[in-house]
Amino acid sequence: MFDFSAQRYILAPLAGWTDLPFRECVKKFGADLTISEMISANALVCNPARSRKYYEKSPLETPFAVQIAANNAEIAAKAAELLSEANAKGELDAEILDLNAGCPAPKVTRNGGGSALLKDLKTLETIVKAMKKASKFKLLSVKTRLGWDRSVAEEIAKVCEGAGADFITIHARTRSGGFTAPVDYAAIFRAKGAVKIPVIANGDIDSAEKARAVLAETGADGVMIARAAMGAPWIFAELKGGDLNERASAELKARVILAHFDAIVKFHGDRGVFLFRKHAHRYAKSLDGAARFREEINRINDPAAARSAIARFFGN
């Protein structure tokens with residue numbers, strides 16, 4: 001069972017990025033927990049079968065969390081029931097149910113979900129309580145931000161704890177801060193001191209050194225890595241003290257990139273060639289010839305031709 005007997009290193013759920021093939025990549029490098037892409041509770045309730053693809057998992061993904069976005073308690077509870085049933089049938093196999101109360105995307109917040117829940121903490125409280133009551137998962141967690149347009153992180157943490165959350169993850173910006181405002185790790189420190197449940201720190205953690213500094217500053221029980229893992233799934237090995245020399249690292253990276261491509265095509269079919277392009281761009285970043293490679297890979301739709309181009313560029 002997932003616990004906090006040691007500091008934990010977690011891959012953040014990112015829509016369009018953290019599908020099964022990518023999560024499997026980071027799991028090979030030691031991520032302690034992976035999380036499904038965000039699933040709309042409304043979509044899940046309306047069409048459970050269509051949402052199933054989002055919570056398929058790799059055999060390597062143990063433990064595993066599934067994340068939903070919801071804007072009211074009734075739908076959130078129904079989604080928790082459906083996912084609990086999927087768990088019981090062996091269709092899901094997850095330990096943790098997570099509520100997204102942090103997504104800043106307008107298409108989510110304008111419907112009252114994601115970080116819009118931080119406008120009204122009473123609504124957040126009722127949703128977490130409803131999920132806790134309906135869920136058969138071992139743990140319930142909440143991913144949040146510091147607030148909507150001002151920091152109320154301590155209050156949010158207390159609300160989540162009181163409503164039944166077993167742990168929370170806090171991105172160190174408000175919703176209005178987007179992804180560019182200065183991070184406020186001191187607010188996570190204060191939230192951590194306000195509750196007894198574990199707190200995970202998130203936001204601009206892009207290296208092992210930064211992770212250590214954030215853990216020391218916040219007193220958090222772990223860190224969640226988001227965009228820094230895109231194009232660098234091996235960051236989790238670095239977080240856990242791995243030390244690869246430059247040559248071995250380059251060889252390893254080439255193998256990982258090809259394995260990721262093979263997995264994404266297997267999972268998504270030929271559409272995986274298109275979906276891999278953004279990953280290829282990230283993997284190639286800062287390498288000689290990256291611009292030419294991006295232009296080339298963007299024009300290729302055939303899986304075999306794409307694989308050959310990737311192998312040539314990354315030297316495998």
Side-chain angles (χ1 to χ4, degrees), residues 1-37 53-67 92-96 98 169 200 202 205-212 222-269 272-273 275-285 287 303 306-307 310-311 313-316:
M1 178 174 169
F2 187 71
D3 61 39
F4 292 92
S5 55
Q7 290 174 330
R8 297 301 183 184
Y9 300 97
I10 302 170
L11 175 68
L14 292 172
W17 288 91
T18 56
D19 59 3
L20 184 156
F22 184 74
R23 298 194 310 266
E24 187 173 56
C25 278
V26 301
K27 196 65 180 178
K28 290 176 181 177
F29 286 99
D32 292 311
L33 177 67
T34 51
I35 307 168
S36 75
E37 293 180 84
K53 188 85 170 175
Y54 289 97
Y55 59 74
E56 286 184 36
K57 55 168 278 192
S58 163
L60 298 180
E61 291 186 277
T62 301
F64 181 61
V66 60
Q67 185 187 79
L92 174 53
D93 189 22
E95 290 188 4
I96 302 163
D98 183 73
T169 300
I200 302 297
N202 174 230
I205 302 169
D206 57 6
S207 67
E209 294 75 18
K210 185 67 173 289
R212 285 192 290 270
V223 294
M224 180 175 280
I225 306 297
R227 298 183 187 278
M230 305 300 109
W234 40 81
I235 191 173
F236 285 91
E238 296 165 4
L239 289 167
K240 292 195 164 185
D243 184 20
L244 301 172
N245 66 54
E246 185 175 350
R247 179 173 174 77
S249 180
E251 293 171 354
L252 175 61
K253 290 173 183 178
R255 292 198 301 272
V256 169
I257 293 164
L258 281 173
H260 184 188
F261 175 79
D262 292 340
I264 205 169
V265 170
K266 180 179 179 181
F267 187 68
H268 293 288
V273 178
L275 294 174
F276 191 76
R277 288 174 183 169
K278 59 180 176 286
H279 292 284
H281 296 176
R282 289 295 186 103
Y283 284 128
K285 187 177 180 180
L287 297 179
R307 194 182 197 281
I310 292 164
F313 181 75
F314 292 103
N316 194 317

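All residue numbers refer to positions in the sequence shown, counting from 1. Fair warning: this is a prediction, and the values are worked out from it, not measured in the lab.
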Practice problem: Assert yes or no for the condition that the ring centre distance of Phe261 to Phe276 is strictly below 6.0 Å. | Solution: yes
Self-check item: Enclosure of Lys266 NZ (heavy-atom neighbours >12, cutoff 6.0 Å)
Solution: no
Quiz item: Hey, what do you get for CD (Gln7) to CG (Leu239), rounding to the nearest 0.5 Å?
Solution: 11.0 Å
Quiz item: Under a 4.5 Å cut-off applied to non-hydrogen side-chain atoms, are Ser58 and Phe64 in contact?
Solution: no
Quiz item: Looking at NZ of Lys210 and CD1 of Ile205, how far apart are the two atoms once the value is rounded to the nearest 0.5 Å?
Solution: 7.0 Å
Quiz item: Can you find a pair of side-chain heavy atoms, one from Lys28 and one from Val256, that are under 4.5 Å apart?
Solution: no
Quiz item: Are the side chain of Glu37 and the backbone N or O of Gly16 linked by a donor-acceptor pair below 3.5 Å?
Solution: yes
Quiz item: Distance under 6.0 Å and angle within 45° of the ring axis: does Lys53 meet both against Phe267?
Solution: yes
Self-check item: Sole candidate of Asp3, Asp32, Leu33 that passes side chain to side chain contact (heavy atoms under 4.5 Å, CB included) when paired with Pro63
Solution: Leu33
Practice problem: Would you give the length of the straight line joining atom OG1 of Thr169 to atom CZ of Arg8, rounded to the nearest 0.5 angstrom? | Solution: 13.5 Å
Quiz item: Of all heavy-atom pairs between Ala254 and Phe314, which one has the smallest distance, and what is that distance?
Solution: CB-O, 3.5 Å
Exercise. Would you name the heavy atoms of Ile264 and Gly272 that are closest together and state the gap between them?
Key: CG2-O, 3.7 Å
Practice problem: Assess whether atom NZ of Lys285 is packed by more than 12 heavy atoms of other residues, nucleotides or ligands within 6.0 Å. | Solution: no
Quiz item: Sequence neighbours excluded, which residues qualify as side chain to side chain donor-acceptor pair (under 3.5 Å) partners of Lys27?
Solution: none
Quiz item: Rounded to the nearest 0.5 Å, how far apart are CG of Leu11 and CZ of Arg23?
Solution: 8.5 Å
Quiz item: So, do Val273 and Arg307 sit near enough that their side-chain heavy atoms are less than 4.5 Å apart?
Solution: no
Quiz item: Run the side-chain contact (heavy atoms from CB on, under 4.5 Å) check on Ile310 and Tyr283 step by step: do they pass?
Solution: CA-CA 10 Å; Ile310 292 164; Tyr283 284 128; over 6 Å; no
Quiz item: Is there a side-chain contact between Thr34 and Thr18, using heavy atoms and a 4.5 Å cut-off?
Solution: no
Self-check item: Heavy-atom side-chain proximity of Phe236 to Cys25 below 4.5 angstrom
Solution: no
Exercise. Evaluate the side-chain proximity of Tyr9 to Ile235: yes if any heavy-atom separation is below 4.5 Å, no if none is.
Key: no
Practice problem: State, yes or no, whether a side-chain contact exists between Lys278 and Trp17 at a heavy-atom distance under 4.5 Å. | Solution: yes
Quiz prompt | Exercise: identify the closest heavy-atom pair between Ile225 and Ala228 | solution = CG2-CB, 3.9 Å
Quiz item: Which value, rounded to the nearest 0.5 Å, describes the distance between His260 atom NE2 and Glu24 atom CD?
Solution: 9.5 Å
Quiz item: With a 4.5 Å limit on heavy-atom distance, are the side chains of Phe2 and Ile10 in contact?
Solution: yes
Quiz item: Does Tyr54 OH have over 12 foreign heavy atoms under 6.0 Å away?
Solution: no
Quiz item: Which class fits the ring pair Phe22 and His279: parallel under 30°, tilted 30 to 60°, perpendicular over 60°?
Solution: parallel
Self-check item: Point-to-point distance, once rounded to the nearest 0.5 Å, from CG of Asp93 to OH of Tyr55
Solution: 12.0 Å
Quiz item: So which heavy atom on Pro233 is nearest to which on Val26, and how close?
Solution: CB-CG1, 3.6 Å
